[in-house]
Q: 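Structure incoming, see below.
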Protein chains: 2
Amino acid sequence: MNQSELDKITNVDQPLTYYEKEDQVLLAVDCIIFGFDQNKLKLLLVKRNIEPEFGKWSLIGGFMKKNENLDTTAARVLYTLTGLSDIYMEQLYTYSKVDRDPGQRAISVSYFALIDVANHQFDGIQLDSAKWFDLDEAPKLIFDHQDMVDKAIARLRRRALSKPIGFELLPEKFTMRQLQTLYESILDKKLDKRNFINKINSLDVLIKLEEKDKTVSRKGAYLYNFDKDKYEKKVKEDGFSFKL
Amino acid sequence: MNQSELDKITNVDQPLTYYEKEDQVLLAVDCIIFGFDQNKLKLLLVKRNIEPEFGKWSLIGGFMKKNENLDTTAARVLYTLTGLSDIYMEQLYTYSKVDRDPGQRAISVSYFALIDVANHQFDGIQLDSAKWFDLDEAPKLIFDHQDMVDKAIARLRRRALSKPIGFELLPEKFTMRQLQTLYESILDKKLDKRNFINKINSLDVLIKLEEKDKTVSRKGAYLYNFDKDKYEKKVKEDGFSFKL
DNA sequence: CCAAAAGTGTTGGATTTACACCCATGC
DNA sequence: GCATGGGTGTAAATCCAACACTTTTGG
């Protein structure tokens, strides 16, 4: 009697009607969580609290349950660790090397998440073991998590140039300088201030507020909102596409 | 006793050392196979020979085995159906809606493949049930396969503009006109002949052969090769990037 | 009054687009 | 000799990159 046949006999809540002879595997989700704080792009990592590799730094992750889809799993994993919901997440890539997890054969689907660090209260449910790292100061990660991070950074770069996802990393109100610094950290290169502002303004999706942020300069810098409705209207009606 | 505990007891060849309480699922691969023939972009579909949805048109697919990774599965699935190996394939996206496959809970990872239809001998092992369709004449597909195709087309478009993957769809030797028609079908828009040729030539990755293709015009059109070595050398040494 | 960040336009170069005629050949 | 597709260059428009000075205000 093989595994699948046993499955069939013993698993009463989900009879294997059609694909009886096929192997089943564990499916995990690992989240690459980006944040922007102190003018730096950060990565949220945790100290692993299970074997194998107990105590090593790792992406946050968890296994998909039968009644979930992957997006749901990713949201749950993020919520369980940080207490945050309604966070921008995007599926990235599925990692399947046979020996990628020495604990047991497990396939992992990576997701990236963008968090506005400053303005989210971390209920910090499990945050004792979690820590934000500068991208270039992150510790060595377990398994293939570094590959996941590298791919996530590449994707973040591409996305940030072609979709207005950068705003997910900023507070509601932000200055031009903050926005520029954000893009500079994502793209890992200096940008010209005037060209940047001209480009952003030409996209015409920001609302300039009356209010100024005076915490960083004496003169004060105008605050802006991203006008999501206007952006979506432009996309729908004029085929507009955000290109930085 | 639950499923995982049973698994643990009964599955002797792979003891579940660490993640004992977690659900396992079927993992499938579905392949979106593009070909280019008669100056049209085509999609290879099969009539499904298993339940559920027996007899309906479907992407080719198969389940991952425990000793495989997903790339291997994709290659095997493609080989089993077409007899082809060494085909360009790329992982796309993982589909996980709980009820996506009415037969049984199954997660599916989509891959796209690019085949030079003209020059590959299809040993046609199972090709009685398979058929090339024009993209706009493809039949209704089972499950979420149409979503997979749509995403694959979008990805193919982006890739074709930023990587020299178009050549995977052409014979070794091709005319400028063929190359242009290929891009026109991928991008689904007409391109200007002179601008296209100027652009391609400026990339400087083609070898112009002495030989002409005289099958389509009296004058005959020069044949070209894609110079893969030169391309890779440029990428490595000059940070060159293929942008059409 | 001065230090520190905010704000603001122009120009030259590069890239992209639009566009039309002659060529070679087989029939 | 003519019909068919092959091959070729230029000019205008647009986009992109480089660049420096004035403003504001808290201390």
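Values below: every heavy atom of this structure, side chains too, minus hydrogens, waters and symmetry copies. Here is the naming used below: chain letters follow the sequence lines, and residue numbers restart at 1 for every chain.
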Q: Under the ring pair (Phe, Tyr, Trp, His ring centres under 6.0 Å) test, which residues partner A:Phe174, sequence neighbours left out?
A: A:Phe167

Q: Can you check the B:Ile197 CD1 to D:dG5 P distance for me, whole Å?
A: 16 Å

Q: Let me check something: any side-chain donor-acceptor pairs from residues 231-244 of chain B under 3.5 Å, sequence neighbours excluded? List them with distances.
A:
residue: B:Lys234; atom: NZ; partner: B:Leu203; partner atom: O; Å: 3.2

Q: With sequence neighbours left out, write down each residue that passes ring pair (Phe, Tyr, Trp, His ring centres under 6.0 Å) with A:Phe34, or none if nothing qualifies.
A: none

Q: In residues 170-193 of chain A, which residues come under 4.0 Å of DNA chain C by heavy atom?
A: A:Arg177, A:Lys193

Q: Without decimals, in angstroms, what is the distance between A:Asn198 CG and D:dC16 P?
A: 12 Å

Q: Suppose the criterion is side chain to side chain donor-acceptor pair (under 3.5 Å): which pairs have a residue in residues 217-228 of chain B, not counting sequence neighbours?
A: none

Q: How many Å lie between CD1 on A:Ile200 and P on D:dC16, as a whole number?
A: 13 Å

Q: For B:Lys42, what residues pass the side-chain contact (heavy atoms from CB on, under 4.5 Å) criterion, not counting sequence neighbours?
A: B:Asp37, B:Lys40, B:Trp132, B:Asp134

Q: Using the ring pair (Phe, Tyr, Trp, His ring centres under 6.0 Å) rule, collect all pairs that involve residues 197-221 of chain A, keeping only residues at least two apart or in two chains.
A: none

Q: Starting from the 5' end of DNA chain D, give me the residue, B:Arg194 or A:Lys199, whose nearest nucleotide shows up first.
A: B:Arg194

Q: When you list every nucleotide of DNA chain C with an atom under 4.0 Å from a heavy atom of chain A, which one comes first 5' to 3', and which comes last?
A: C:dA3 to C:dG9

Q: Which pair of heavy atoms, one from B:Ala138 and one from B:Leu43, lies closest together, and at what distance?
A: CB-CD2, 4.4 Å

Q: For residues 81-97 of chain B, pull every pair meeting salt bridge (Lys or Arg N to Asp or Glu O under 4.0 Å), keeping only residues two or more places apart or in separate chains.
A: B:Glu90-B:Arg155, B:Glu90-B:Arg159

Q: Output every pair passing salt bridge (Lys or Arg N to Asp or Glu O under 4.0 Å) with a member in residues 137-148 of chain B, not counting sequence neighbours, ordered by first then second residue.
A: B:Arg100-B:Asp144

Q: Output all residues satisfying side-chain contact (heavy atoms from CB on, under 4.5 Å) with B:Ser185, sequence neighbours left out; order by chain, then residue number.
A: B:Phe36, B:Leu41

Q: Can you list, by residue number, the residues of residues 201-226 of chain A that have a non-hydrogen atom closer than 4.0 angstrom to DNA chain D?
A: A:Lys214, A:Arg218, A:Lys219

